[in-house]
Q: 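Next up is a structure, given as structure tokens.
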Amino acid sequence: MSPARPRGFWLFKTEPSVFSYADLEAAPGRRTGWNGVRNYQVRNWLRDTVAVGDGVLLYHSSAEPTGIAGLARVSAAARPDPTQFDPRSPGYDPASTRAEPRWYEVEVEAVAALPQVLTLAELRAAPELATLAVLQHGQRLSILPVTPAEWLAILQRAGVREPRRKSGARP
DNA sequence: GCCAACGTTGGC
DNA sequence: GCCAACGTTGGC
């Protein structure tokens, strides 16, 4: 038996006018394939590093307010992003084939909305979050890593205790 | 709507 | 392989 991989943490950006945390909660099974990523760095993380059970902060960008709206978890590992094969999708990539897909998605499942959005201004004002990737100047990636310390600090700032998951249980 | 940052594209 | 032009992101 291999030792459990340490749980990873991520921040997923979304424009709530396109897909919000509430939309995730309203989705069938409270889950969705996180498709549409078209950046190679992020693709590599999705394909190679993001794992089932990892914690996800859902971040609303270009929003009022901008900030972290809810918690989610990775519920299925990387698989080809179906929108790359769909000519009607804005994510269509004619250079991609089913034999050799270029783009991947993971599935995310809603865990809990934050009591209120933890705003970008609040994140910037928190000294313990100075290293948070999403706050770094010029970063534009739609998925960013979060350290365990940052994850805990954000949950504290948000005033939430992470829901305990029954060990071995599957919903 | 502006614009800084930066990834991607394509001419050479 | 260089690098200017272009497109996108996202805060403000």
Side-chain angles (χ1 to χ4, degrees), chain A residues 8-27 32-50 54-74 78-108 110-147 149-151 153-160:
Chain A
F9 301 100
W10 306 91
L11 181 145
F12 282 28
K13 291 184 197 167
T14 181
E15 293 191 30
S17 61
V18 178
F19 190 86
S20 69
Y21 183 78
D23 291 329
L24 180 60
E25 288 200 326
T32 194
W34 202 263
N35 61 43
V37 168
R38 295 294 181 270
N39 171 280
Y40 288 105
Q41 168 76 66
V42 176
R43 186 279 308 272
N44 293 346
W45 280 332
L46 285 177
R47 189 189 56 193
D48 305 331
T49 312
V50 178
D54 281 2
V56 173
L57 305 167
L58 221 78
Y59 177 92
H60 284 175
S61 63
S62 298
E64 186 49 55
T66 290
I68 298 166
L71 307 180
R73 65 183 284 274
V74 177
R79 59 200 185 195
D81 175 346
T83 66
Q84 71 193 302
F85 307 122
D86 179 1
R88 290 155 310 185
S89 167
Y92 178 58
D93 185 345
S96 190
T97 66
R98 290 184 188 272
E100 289 186 63
R102 179 176 296 178
W103 305 111
Y104 288 80
E105 65 175 20
V106 298
E107 184 187 77
V108 296
V111 171
L114 297 191
Q116 64 252 340
V117 173
L118 188 58
T119 67
L120 179 58
E122 291 170 326
L123 296 173
R124 287 199 194 284
E128 72 276 22
L129 296 176
T131 59
L132 192 67
V134 75
L135 302 181
Q136 305 312 311
H137 187 64
Q139 71 70 29
R140 300 185 308 156
L141 302 180
S142 62
I143 291 178
L144 291 163
V146 174
T147 68
E150 290 163 351
W151 173 268
I154 285 166
L155 294 198
Q156 278 191 338
R157 290 263 169 193
V160 300

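Below, all heavy atoms of this structure are taken into account, side chains as well, without hydrogens, waters or symmetry copies.
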Q: Tell me every residue that passes side-chain contact (heavy atoms from CB on, under 4.5 Å) with A:Q139, counting only those two or more places apart in sequence or in another chain.
A: A:K13, A:V134, A:L144
Q: Can you name the atoms? Protein N/O to nucleotides 7-11 of chain B N/O, anything below 3.5 Å, with the distance.
A:
| from | atom 1 | to | atom 2 | distance (Å) |
| --- | --- | --- | --- | --- |
| B:dG7 | O4' | A:R140 | NH2 | 2.8 |

Q: Which pairs pass salt bridge (Lys or Arg N to Asp or Glu O under 4.0 Å) with one or both residues in residues 90-102 of chain A, sequence neighbours excluded?
A: A:D93-A:R102
Q: Whole angstrom is fine here: how far is it from NZ in A:K13 over to P in B:dA5?
A: 15 Å
Q: What integer distance in Å separates A:Q139:CD from B:dA4:C1'?
A: 13 Å
Q: Table please: side-chain donor-acceptor pairs of residues 34-41 of chain A below 3.5 Å, with sequence neighbours left out.
A:
| from | atom 1 | to | atom 2 | distance (Å) |
| --- | --- | --- | --- | --- |
| A:R38 | NE | A:G91 | O | 3.0 |
| A:R38 | NH1 | A:D81 | OD2 | 2.9 |
| A:R38 | NH2 | A:D81 | OD2 | 3.4 |
| A:R38 | NH2 | A:T83 | OG1 | 3.0 |
| A:R38 | NH2 | A:G91 | O | 2.7 |
| A:N39 | OD1 | A:Q41 | N | 3.0 |
| A:N39 | OD1 | A:V42 | N | 3.0 |

Q: With a cut-off of less than 4.0 Å, is there a side-chain N or O of A:H137 near OP1 or OP2 of B:dA4?
A: no
Q: Could you list all the side-chain hydrogen bond (donor to acceptor under 3.5 Å, both in side chains) pairs where at least one residue sits in residues 111-120 of chain A, not counting sequence neighbours?
A: A:T119-A:E122
Q: Output all residues satisfying side-chain contact (heavy atoms from CB on, under 4.5 Å) with A:T49, sequence neighbours left out; order by chain, then residue number.
A: A:R5, A:W10, A:W45
